[in-house]
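Inspection log for the structure reproduced underneath, given as structure tokens.
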Amino acid sequence: MVTLLPSNKFDLMEKHRHKRIKTKSGGLKTPFFMPDATRGLVKFLSNDDLKKAGVGPMVVNTYHLFLQPGVKLIRQAGGIHDFMNYRKPLLSDSGGYQVFSLIHKNPQMGKITDQGVMFRSPLDGQKHFITPEKSIQIQFDLGVDMLVCFDDPPPNNYKKEKIAQAVERTIAWAQRCLMEYKKQLIKRKIKGSERPLIFCVVQGGEHIDLRKRCVEGLLAVAEKVGLKWDGFGFGARHIDGEGNFMGEVLQKTADFIPEKYLRFALGVGTPEDIVKCYKMGWDMFDCVIPTREGRHGKLFLRKSNNQLSIINTQSNAKDRKNIKNKFYETISIKNNKFKKDFGPVDERCDCYLCKNYSRAYLNHLFRIRDPLGMRLAAVHNLKFYADLLEELRKI
RNA sequence: GGGUCGGUGGCAGAGCGGUCAAUUGCAUCAGACUGUAAAUCUGACGACUUCGGUCUACGGCGGUUCAAAUCCGUCCCGGCCCA
């Protein structure tokens with residue numbers, strides 16, 4: 001494998017660590033990245049593609065799977081692993097993010113109360129009431145290896161008092177989630193080694209005091225219930241209104257979370273954001289970037305050296321400035337300049353795309369909008385992420 | 001040869017006297033995307049420009065009109081119908 005990271009480029013605090021965790025579907029070493037298989041698949045990819053891309057654990061989504069095909073069917077299939085025929089660890093996101101992405105962004109899509117959330121299905125408009133308890137029950141029904149508490153992630157630009165309110169709600173919901181978790185373990189007679197790991201989520205937007213309050217509240221709640229969290233997630237968006245990475249908030253939040261807990265930076269992120277978070281002590285990541293941007297024709301490339309990128313010259317001024325800090329480059333394969341480029345997408349990459357096809361061919365696939373193009377691009381980007389994380393595991 | 005319907009920007013196809021450099025779709029060019037309502041979304045798309053405008057454009061030519069892609073004449077080209 002070609003080294004991705006320049007060895008001396010990161011002047012951040014060195015708080016990274018390596019943990020080993022056990023799940024019923026196998027062990028994991030941190031740090032690791034999980035692609036989002038929201039509806040029970042990484043769009044366009046087969047399990048074989050995932051394997052070739054070096055994908056291990058993945059994230060599925062409670063709310064989306066609840067809507068379709070429904071929990072009952074997945075139970076009949078023998079659980080989400082059997083349904084997908086995927087044997088590696090799976091983490092289910094609670095549906096909390098959909099409180100943000102569907103409702104906070106679009107109030108007519110549902111209603112949030114202390115009791116729970118009324119979602120209006122984007123599929124057919126039907127109403128569904130999801131409570132913290134229900135989210136946990138669904139996640140047990142899915143049979144995942146890791147589950148996440150149902151939370152309320154407000155947009156970062158909300159007034160502080162509203163974010164504080166979301167923090168208190170998230171803490172209260174976490175307690176209800178943990179109680180339900182306890183109940184389900186007993187009800188289903190789940191033994192220690194079969195126990196899914198449980199993550200709570202820290203809210204608080206850009207406010208460090210609220211993040212602190214949230215971590216403390218979540219620790220207190222666990223004590224009250226008499227169980228321990230396996231990990232803490234960083235909730236809401238980790239970029240501010242201008243698209244800037246909220247480095248200090250991420251760093252401080254990591255510091256508030258006691259060392260022994262896993263730290264899961266939900267939704268992070270770009271390769272550089274992952275590296276930064278890793279250095280701060282975050283262990284786990286998931287993001288749609290490699291797959292979505294791949295489907296949209298953006299490919300991640302290993303840099304030939306530590307010099308400035310010359311490829312991405314058409315990006316805006318802000319990007320051009322930022323690119324100095326990047327250890328990789330990106331191309332938009334749809335661009336005209338690749339029409340007759342018969343070289344591989346990334347000559348330093350050994351993924352299925354780069355080993356078999358040219359830039360010109362991929363450009364053609366995107367021009368005719370054939371799904372094969374999106375599939376190959378997603379495989380390539382996931383391999384890039386897999387290689388990056390493999391490298392981080394060695395640092 | 002007669003009749004009839006048509007010829008609009010790369011293509012398809014609106015417009016049928018001024019608000020038209022011309023709706024819309026496709027194509028093209030670029031950009032965005034961070035716990036996936038995303039095979040999506042945004043912008044540009046005649047030429048020049050001191051960004052206020054200026055010019056050239058709706059088959060050709062010639063008219064009518066203050067004003068024509070839009071009305072009239074004629075020519076060229078195409079579809080269909082009749083001989």
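These figures come from a predicted structure and were not determined experimentally. Letters go in sequence order (proteins before strands), and every chain restarts at 1.
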CG of Asp151(A) versus C1' of G35(B): gap in Å, rounded? 8 Å
Base, sugar-phosphate alone, or nothing: which one does Met34(A) contact when heavy atoms must sit under 4.0 Å apart? nothing
What nucleic acid atoms does Phe44(A) come within less than 4.0 Å of, heavy atoms only: base, sugar-phosphate, or nothing? base
If stacking means aromatic ring centre less than 5.5 angstrom from the base's six-membered ring centre, planes under 30°, is His238(A) stacked on U34(B)? no
Take Arg39(A) and Val201(A), find for each the nucleotide of RNA chain B with the closest heavy atom, and name the residue whose nucleotide sits nearer the 5' end. Val201(A)
Rounded to whole Å, please give me the gap between NZ in Lys105(A) and C1' in U34(B). 10 Å
May I ask you to verify if any side-chain N or O of Gln98(A) is less than 4.0 angstrom from the OP1 or OP2 atom of G35(B)? no
Is there a donor in the side chain of Gln165(A) and an acceptor in the side chain of Glu161(A), or the other way round, less than 3.5 Å apart? no
Let me know, please, whether Asn106(A) or Lys339(A) comes out on the 5' side of the other along RNA chain B by nearest nucleotide. Lys339(A)
Any base atoms under 4.0 Å from Asn336(A), or only sugar-phosphate, or nothing? Heavy atoms, all strands. sugar-phosphate
Let me know which of Arg211(A), Lys15(A), Lys212(A) forms a side chain to side chain donor-acceptor pair (under 3.5 Å) with Asp255(A). Lys15(A)
Pick base, sugar-phosphate or nothing for Arg295(A), based on heavy-atom distances below 4.0 Å to the nucleic acid. base
Is there a Watson-Crick or G-U wobble partner for G73(B) with both distances under 3.5 Å, and which nucleotide is it? C61(B)
State which of A37(B), G31(B), A39(B) makes the closest approach to the side chain of Asn335(A). G31(B)
In the structure shown, which nucleotide is the Watson-Crick or G-U wobble counterpart of C48(B), with both distances under 3.5 Å? G53(B)
Is the phosphate of G35(B), meaning OP1 or OP2, less than 4.0 Å from a side-chain N or O of Thr38(A)? no
Test Tyr181(A) against every option in Gln137(A), Arg195(A), Arg176(A) by the side chain to side chain donor-acceptor pair (under 3.5 Å) rule and name the one that passes. Arg195(A)
Is it the case that more than 12 heavy atoms not belonging to Lys22(A) sit under 6.0 Å from its NZ atom? no
Touch class at under 4.0 angstrom, heavy-atom based, for Gln203(A) against every strand present: base
When both hydrogen-bonding distances must be under 3.5 Å and the geometry is Watson-Crick or G-U wobble, what is C80(B) paired with, if anything? G3(B)
Whole-Å distance separating the CG atom of Asp286(A) from the C1' atom of G35(B): 5 Å
Please pick, from U36(B), A37(B), A27(B), the nucleotide with the shortest atom-to-atom distance to any side-chain atom of Thr291(A). U36(B)
Ignoring hydrogens and angles, state whether a donor on the side chain of Gln139(A) or Ser92(A) is under 3.5 Å from an acceptor on the partner side chain. yes
